[in-house]
Amino acid sequence: MLSISVGSLSLATPMRPVVAPRAPVPKASIFEAGMAQYNADYPWLAKYGFGPSVKAERWNGRHAMFGWVAILATGVAKSHGLLPAGDLMLTYQDWGGLAQQGFNTYISNERAVIMIAHVHALAVSFAAAFGPQVLGDSLTLLDGEKDEEPYGFLPPMQFGLTPAAEIANGRMAMFGLISLVCTSAFTGMDILQIVDIGTGGNLLTHPMF
């Protein structure tokens, strides 16, 4: 208590107690918080690695990288005339509702070939993911298997066939596909045309393969 005397007047000014600063409480990252929330809401799915998990991110990255390979392979096939009668439009009489894309329009033979190729690739991926674990790497977490530690916003830069390098490549592949689709939506150009521009015309205009 601080007392100040001015003549017969005494003023008392209370002193606030000194409080030691609290130690910072570590906060979970957004990724870890999302994982915890998903685990609480859907424990039967989180048990096998679905949701915001490192396991799911790794497999999404693999599919994104495969998507880029499929895009480039499609461009090579198109530039070399390997897609038979690509401009031929399918008819409802021959193919039924599978040939329709809305507003009384039908998909081309080229698009049908590409779609069925992707369906086959997805079926093979599904079988490899849930089939016998020959290589010991599955889409889902095995019984008792723990998920990997989150890699954070920027995974460590590593070269070679390492888990961290695969995560980084997968993230770049996923971000690239998002950018590619958004560019196609805003410009109205086909995805292959955009990739052709990005490769300097070496995919479709002046194929180098």
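Numbers here are sequence positions counted from 1. Since the model is a prediction, treat every value here as computed from it, not as a measurement.
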Which atom pair, heavy atoms only, marks the closest approach of [X] to [Y]?
X      : Y      : value
Thr183 : Thr187 : O-OG1, 2.7 Å
Gly75  : Leu204 : O-CD2, 3.5 Å
Leu203 : Leu72  : CD1-O, 3.9 Å
His118 : Ala70  : NE2-CB, 3.8 Å
Trp68  : Val195 : CZ3-CG2, 4.2 Å
Pro155 : Ala168 : CG-CB, 3.9 Å

Subject >> Side chain Arg58, main chain Pro163, donor-acceptor under 3.5 Å >> reply: yes
Subject >> Side-chain (Ser184) to main-chain (Leu180) donor-acceptor, under 3.5 angstrom >> reply: no
What's the spacing between [X] [atom1] and [Y] [atom2] if we round to 0.5 Å?
X      : Y      : atom1 : atom2 : answer
Asn109 : Asp87  : CG    : CG    : 9.5 Å
Phe186 : Ile194 : CZ    : CD1   : 11.5 Å
Gln193 : Ile191 : CD    : CD1   : 10.5 Å
Asn39  : Phe50  : CG    : CZ    : 13.5 Å
Asp190 : Lys78  : CG    : NZ    : 6.0 Å
Glu110 : Met89  : CD    : CE    : 10.5 Å

Is atom [atom1] of [X] surrounded by more than 12 heavy atoms (other residues, nucleotides or ligands) closer than 6.0 Å?
X      : atom1 : result
His120 : NE2   : no
Met115 : CE    : no
Arg171 : CZ    : yes
Phe66  : CZ    : no

Original post:
Hey, any chance Ile116 and Ile71 share a hydrophobic cluster, counting ILVMFWY side chains that come within less than 4.5 Å of each other, even indirectly?
Top reply: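 Cluster IDs for Ile116 and Ile71 differ.
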Original post:
If you group Ile, Leu, Val, Met, Phe, Trp and Tyr by side-chain heavy-atom gaps below 4.5 Å, do Leu82 and Val76 land in one group?
Top reply: no
Subject >> Counterpart residues, side chain to side chain contact (heavy atoms under 4.5 Å, CB included), relative to Ser179 (two or more places apart) >> reply: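 For Ser179 the side chain to side chain contact (heavy atoms under 4.5 Å, CB included) partners, ignoring immediate neighbours, are Phe175.
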Original post:
Should the pair Tyr42 and Trp44 be assigned to parallel (<30°), tilted (30 to 60°) or perpendicular (>60°) ring geometry?
Top reply: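 Rings of Tyr42 and Trp44: perpendicular, as their planes differ by over 60°.
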4.5 Å side-chain heavy-atom contact, [X] and [Y]:
X      : Y      : answer
His63  : Met174 : no
Met172 : Met65  : no
Val54  : Tyr151 : yes
Leu90  : Arg111 : no

**OP:** Among residues two or more places apart or on two chains, list those pairs meeting side chain to side chain donor-acceptor pair (under 3.5 Å) that have a residue in residues 194-209.
**Re:** Asp196-Thr205
**OP:** Begin with the C-alpha distance, continue with both residues' side-chain angles, and end with the deciding distance and a verdict on side chain to side chain contact (heavy atoms under 4.5 Å, CB included) for Ile167 and Glu57.
**Re:** CA-CA 8 Å; Ile167 287 290; Glu57 182 186 16; 4.0 Å; yes
